[in-house]
Amino acid sequence: MERSLRAARVATYLFFVLCGTLMGTWVVHIPAIEDRVGISHATLGGLLVLLGLGAFLGMQVAGPLTDRLGARIVVPAGGALCAATLVLPGIAHDPWTLAGALLIFGFCNGSLDVSMNAHAVHVEKAYGRPVMSGFHATFSVGGVLAALFGAGAATAGLDPAAAMTVMGAVGVVLALVSARALLPTAPAADGADAVDPHDGAVREAPEPSAATSRSTRGRVWLLAVLALMVMLCEGAANDWSALHLKDVLGAPASTAAFAYGTFAAAMTLGRLLADRLAARFGSLAILRYGAATAAVGITLVALMPWLWAAFTGWALFGLGLSGCVPQLFSAAGHADPAAAGANVSRVAGLGYVGMLAGPAVIGWLTHLVALDHAFVLLTVLCATAAAAAGVLRNGSGRSPVPVASGGPRESARSDR
């Protein structure tokens with residue numbers, strides 16, 4: 001069991017890397033695709049709504065399917081389809097074909113994202129301690145890899161279609177090879193006793209009442225609203241950071257690509273630390289102080305006209321946001337482990353409306369104010385998320401309690 005659990009954890013890491021790399025490959029090629037298709041920032045912002053819509057639909061389909069069929073089927077299918085459809089935005093030649101490409105790619109990306117997060121919830125439950133942020137850290141590693149790949153492809157003179165085809169082919173192979181190591185079913189669905197990974201206490205699985213079910217649904221939707229705000233901020237960095245350096249600060253394309261790379265690297269560092277910090281201080285602290293740090297970072301980006309300030313701001317923005325989303329996804333999945341896929345799909349679905357459609361708001365705001373001043377909206381959202389972090393107090397914001405030794409979960413704990 002211990003060996004298969006480790007293998008499932010490694011495979012989950014690989015799927016998070018894959019998802020981050022595929023999305024990051026699209027992100028770093030946005031300026032080139034925007035120029036080739038001949039659209040404005042505002043039009044691009046409108047087209048990104050379709051990317052968000054596709055992701056939302058994919059999540060609502062894949063979440064319940066993961067609960068029903070198991071991650072071993074849904075996760076690799078989503079991964080292979082997401083990789084295969086990456087090339088579509090690269091070969092789009094006008095706004096209409098780009099719109100269709102983004103809708104399809106978004107659907108496949110959303111299917112992969114929610115299914116791998118649902119699987120991560122079950123892996124975390126089996127470990128009996130926070131590990132979700134570590135998975136999300138490898139998503140950010142994928143973003144860094146995509147930034148490096150994008151900069152190298154631009155230097156080598158590869159057009160977006162060629163670069164995205166290469167990355168898509170690698171992704172299909174990785175998705176198929178990693179499939180066998182995933183957990184075949186949802187282990188929490190049998191009603192057995194479980195260890196809460198947020199506070200380490202062993203609890204007997206209760207029989208859900210109608211009132212409990214309503215309370216759980218209400219809490220999940222509150223988590224979803226917070227995810228909407230936090231992930232809108234993350235999506236703004238994904239889609240506008242490179243354009244900010246290029247258009248506002250006048251940086252060359254090769255330098256501008258590293259704005260997103262800086263953000264993604266800071267996200268990676270923060271998520272590598274967040275699991276240990278969550279175990280020590282609780283999820284509430286990670287969300288509250290992380291969102292406050294992000295507010296400071298994006299304010300620097302919005303108000304300071306210097307390159308060094310922009311890189312510092314994007315780094316603080318990424319560091320602050322890094323632990324927020326994993327806490328929200330984990331809390332949703334553990335609210336009812338037997339329906340982890342469906343609950344994660346609700347939180348992730350509304351969150352990704354913010355992440356992938358929310359940047360359209362920034363695009364629309366550029367009709368009224370400069371791009372950097374539009375980022376003040378993100379300051380407001382981060383401050384609001386910090387103030388509302390108390391929603392995690394119900395279940396995931398408690399002080400950690402050591403897990404009793406001697407059981408199989410204790411041996412699973414020892415490999416980190």
Side-chain angles (χ1 to χ4, degrees), residues 15-16 19 49 51-71 74-75 78 82 106-125 132-133 135-136 139 186 188-189 196-198 208-235 283 287 321 323-358 381 384-385 388-397:
F15 277 103
F16 273 80
C19 190
V49 172
L51 187 64
L53 175 62
F56 180 82
L57 294 175
M59 288 173 182
Q60 304 317 302
V61 171
L65 277 180
T66 303
D67 292 332
R68 187 177 305 127
L69 303 178
V74 181
V75 176
C82 186
F107 182 91
C108 297
N109 180 265
S111 299
L112 170 60
D113 200 298
V114 75
S115 59
M116 72 184 187
N117 271 287
H119 182 261
V121 167
H122 297 310
V123 173
E124 182 179 62
K125 195 167 189 69
M132 181 67 81
S133 290
F135 293 133
H136 284 249
F139 179 92
D196 186 332
H198 293 286
S209 65
T212 300
S213 180
R214 286 193 299 272
S215 175
T216 297
R217 284 196 298 270
R219 182 165 178 257
V220 166
W221 283 114
L222 286 175
L223 294 169
V225 171
L226 280 179
L228 172 67
M229 293 188 289
V230 171
M231 293 178 71
L232 188 152
C233 295
E234 186 175 340
S283 298
L287 178 59
L321 291 178
C324 297
V325 171
Q327 311 314 315
L328 297 170
F329 281 19
S330 182
H334 292 294
D336 182 3
N343 286 337
V344 170
S345 73
R346 294 185 181 103
V347 174
L350 195 56
Y352 274 79
V353 168
M355 184 174 182
L356 300 176
L381 293 176
T384 303
V391 67
L392 293 182
R393 186 173 288 113
N394 181 15
S396 62

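The structure presented is a predicted model; accordingly, all values stated were derived computationally and were not measured.
Expressed to the nearest 0.5 Å, how far CG of N343 lies from CG of N117 amounts to 13.0 Å. Rounding to the nearest 0.5 Å places CE of M231 at 6.0 Å from CD of E234. Taking CG of L381 as the start and SG of C233 as the end, the distance is 5.0 Å to the nearest 0.5 Å.
Here the shortest heavy-atom pairing between C82 and L112 reads CB-CD2, 4.3 Å. Considering all non-hydrogen atoms of both residues, V347 and L328 come closest at CG1-O, 4.4 Å. V344 and A118 get closest at one heavy-atom pair: CG1-N, 4.4 Å. Minimum interatomic distance between M132 and E124 (heavy atoms only, all atoms of both residues): N-OE2, 3.2 Å. Residue S345 comes nearest to M59 through the heavy atom pair CB-O, 3.4 Å, listed as atom of the first residue, atom of the second, then distance. Considering every non-hydrogen atom in both F135 and A120, the closest pair reads CD1-CB, 3.5 Å.
Between F329 and L223, the closest side-chain pair of non-hydrogen atoms is not below 4.5 Å. The closest side-chain heavy-atom distance from T66 to V114 is not below 4.5 Å. Looking only at side-chain heavy atoms (C-beta outward), L57 and Q60 stay at 4.5 Å or farther from each other.
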